[in-house]
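Notes follow once the structure below has been shown.
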Amino acid sequence: MAGEDPFTAFRSEVEAALRATLQELGAELEDLALERPPEGMGDLALPCFPLAKTLRKAPNAIAEDIASRLRSTGMIEKAEAKGGYVNIHVRFDMLAGSILEKALSLKERFGSGEPKGVKVLLEHTSVNPTGPIHIGRARNPIIGDTIARIMRLAGYDVTTEFYVNDVGRQVATMAWGVKNLDIGETADRDKDDHRFVSYYRGANEKADADPKVLAEIDDLLYKLEHGDPETARITRETSERVLDGMLDSLRQINVNIDQFTWESRLVEDGSVDEVIAKLVGSDYCHEDEGARYLELETFGISGRETKWVFTRADGTSLYTTRDLAYHLDKFARSDVAINILGEDQKLGMQQLAAALTTIGSDRKPEAVFYAFVSLPEGRMSTRKGTVVTLDDLIDEIVERAYEEVRKRRTDLSEERMREIARTVGIGALRYNIARIQAEKQIVFKWEEALNFEGSSAPFVQYAHARACSILRKAEKQAAATSAVAAVTKLTTYHERELLKLIARLPSVIADCAEGRKAHLLASYAQELASQFNQFYRYVPVLRAEGDTLEARLALVEAAKWALGNALGCLGLDAPEEM
RNA sequence: GGGCGCGUGGCCUAGUCUGGAUAUGGCGCUUGCCUCCUAAGCAAGUGGUCAGGGGUUCGAAUCCCUUCGCGCCCGCCA
């Protein structure tokens, strides 16, 4: 079973043994549906209820039959029947030896999967360069970056990409503002994303009030798409400056983006024209007063309007048209193209998928949708200025974390306290977003965002710091070989439970990667930290001696790697002290 | 009008895809634990018609139907 992690190996063994046993009994199950039994009842459980009908026996009688026949070989220690389940216990020493060996040798790679040889292009964030990132949008980079990190560890070859929307009405509006408004230095912060949003808001206000302004913006839009150098220069420059501001905010929350595709490039290099030509050739293409559209009713698109317009009456392209060109571009560069999107994009993606079919593409984009973050008083809007910016949240949460550090530590330098405050604050911010299932709405509340206890980043980070503290004081690293030999010394409940949980990391990473789910890792990290804290409370490490000390140190180090790697995938720093 | 998603103790949340053992954690509140590896911790208690109703099933938070509430969408915007 090369390449399998120890727990998965155990699972495979159990599955094979169960299938053999079932065959002996003359029964069959397509899906064994192995579960994780309640605490203290073993490590894997087979529900026998589905067998009751075919075998015409009570579920628990079947469970007893299976349990008594199941041979304890390899990693299977024993099987017990209880309440209609076969509870299977792992041979702890084998699992423990194997896990400690893996964790201590793989270190920051512990939890990883085999290289898949699959190129993943993960697009996330891609917010319009019109103003600072607010916390509604911040869900996008956090989910995106977390999934990217998880998939990397799981063995995928991941590249993250930001699609810069420097074409279209919003940029033309911004350009109009820059050309015509004299807003001066009214920005709330010395940063270009905060500075330029004033032009954007101002231009929107004027356009709403004055049709002439709207016409001027239309004119700029036309010029932009037809290569007017002056307009292109203004939009490129403002887009770049606003983008730099946004990227600075993202860096602060540990989000770095590998690549950028500028929407304007797809217009300039003819990709958009190419895709328009293909669309025009489609059987579903129609024309209405010069504007061209696809009729998508047959693709299961419903609602008031099933027309999908891809060129305006003046011949210019639309956002979705360019997005289609972008997707073809992404497909050419990857095996899997994933996109992190707000739920408002759902219909758009459906339409895009349909449009792809009409032009004969066999590739489908994959999307992770998330619901919006709103404020207790309602939704956020960049245009209206009803936002809490990511920058404000970062400042506030790091400051709050600093106060907490200062309360607890009097022995640290100012610089060190600031460092820890940043680690804890940024961690709390990311964890609070990452821990919630993407499709659930979040109402942002300061008191919750600033919570540093219980189910939070600092809780996990604290466990990590404690592990580091023990290892630091031990003044030597556990020697992997003697530790593995000493696993028989890990006999207490808390040691065993901790080790079994550490053993799950690889399969948790794999599950999160396959399901594109960040929140499950947050739950696991919380559970692992909780288990470590119990171990810490009840099992003395440094006061132990000989083999026991050796084995416990190895366990602490394994926990450190598991915690650290879970934190790493969540994009949180793993502090050695706090 | 139509489509998609969400609804789990006072608050937040896991589990829902792939139906099974007393529904997971946290916050809050009550109460214990620092001569002992960092108390951002540990332990105990409190608190639940899994939105309501119907159905399928030996068994439903989970699947189906329906009602209600909330969010998002149905632009020659992005």
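Below, chain A is the first sequence line, B the second, and so on; all start at residue 1.
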Checklist entry - Using purine N1 to pyrimidine N3 plus N6-O4 or O6-N4 for Watson-Crick, or N1-O2 and O6-N3 for G-U wobble, each under 3.5 Å, what pairs with C34(B)? => result none
Checklist entry - Is Lys500(A) atom NZ crowded by more than 12 heavy atoms from other residues, nucleotides or ligands, each under 6.0 Å away? => result yes
Checklist entry - In whole angstrom, what separates Leu221(A)'s CG from A78(B)'s P? => result 7 Å
Next on the checklist: Looking at the base of A21(B), is there any donor atom on it, or on the side chain of Asn87(A), that sits under 3.5 Å from an acceptor on the other one?
Outcome noted: yes
Checklist entry - Would you say the side chain of Glu295(A) lies within less than 4.5 Å of the side chain of Glu297(A), judging by non-hydrogen atoms? => result yes
Next on the checklist: When you measure from the side-chain N and O atoms of His494(A) to the phosphate of C42(B), is any distance below 4.0 Å, counting only OP1 and OP2?
Outcome noted: no
Item to check | Under-4.0 Å side-chain N/O to phosphate OP1/OP2 contact, Lys440(A) with G7(B) | outcome: yes
Next on the checklist: What is the separation between atom CE on Met578(A) and atom C1' on A40(B), rounded to the nearest whole Å?
Outcome noted: 5 Å
Next on the checklist: Return the CG to CG distance between Asn165(A) and Asn128(A), rounded to the nearest 0.5 Å.
Outcome noted: 4.5 Å
Checklist entry - With nearest nucleotides of RNA chain B determined for Arg322(A) and Gly83(A) from heavy-atom distances, which residue corresponds to the more 5′ nucleotide? => result Gly83(A)
Checklist entry - Of all residues at least two apart in sequence or in a different chain, which pass the ring-ring contact (aromatic ring centres under 6.0 Å, His included) check with Tyr402(A)? => result none
Item to check | Complementary nucleotide of U18(B), counting Watson-Crick and G-U pairs under 3.5 Å | outcome: none
Item to check | Between C42(B) (P) and Glu527(A) (CD): distance, integer Å | outcome: 13 Å
Item to check | Closest to side chain of Arg537(A), choosing from C42(B), C76(B), U38(B) | outcome: C42(B)
Item to check | Atom CD of Gln534(A): over 12 foreign heavy atoms under 6.0 Å | outcome: yes
Next on the checklist: When you measure only distances, ignoring hydrogens and angles, does the side chain of Arg304(A) come within 3.5 Å of the base of C74(B) through a donor and an acceptor?
Outcome noted: yes
Checklist entry - Roughly how many Å is it from CG in Leu347(A) to C1' in G3(B), rounded to a whole number? => result 8 Å
Checklist entry - Within the structure shown, what part of the strands sits under 4.0 Å from Ile301(A) by heavy-atom distance: base, sugar-phosphate, or nothing? => result nothing
Next on the checklist: Below the 4.0 Å mark, does C34(B) have OP1 or OP2 next to a side-chain nitrogen or oxygen of Arg408(A)?
Outcome noted: no
Next on the checklist: Heavy atoms from C-beta onward define the side chain here; which of C36(B), A78(B), G15(B) lies closest to that of Gln345(A)?
Outcome noted: A78(B)
Checklist entry - Tell me: CG of Asp31(A) to P of G19(B), nearest whole Å? => result 8 Å
Checklist outcome for this item: The side chain to side chain contact (heavy atoms under 4.5 Å, CB included) partners of Ser381(A) (sequence neighbours excluded) come to Arg383(A), Lys384(A), Thr386(A)
Next on the checklist: Please report the distance, rounded to the nearest Å, between CZ in Phe459(A) and P in A40(B).
Outcome noted: 12 Å
Item to check | Residue Tyr536(A), side-chain atoms from C-beta onward, closest of A39(B), A78(B), A43(B) | outcome: A39(B)
Next on the checklist: Measuring only the P atom in each nucleotide, how far is G20(B) from U66(B)? A whole number of Å is fine.
Outcome noted: 24 Å
Item to check | d(CG, Leu224(A); P, A78(B)) in whole Å | outcome: 11 Å
Checklist entry - Reckon Pro50(A) touches a base, only the sugar-phosphate, or nothing at all at heavy-atom distances under 4.0 Å? => result base
Checklist entry - From A78(B), U38(B), C11(B), pick the nucleotide closest to the side chain of Glu448(A)? => result C11(B)
Checklist entry - Separation of Leu501(A) atom CG from G25(B) atom C1', in whole Å? => result 13 Å
Checklist entry - Taking atom types as they are modelled, is there a donor-acceptor pair under 3.5 Å from the base of G5(B) to the side chain of Gln441(A)? => result yes
Checklist entry - Would Phe49(A) pass as stacked on G20(B), i.e. its ring centre under 5.5 Å from the base's six-membered ring centre and planes under 30° apart? => result yes
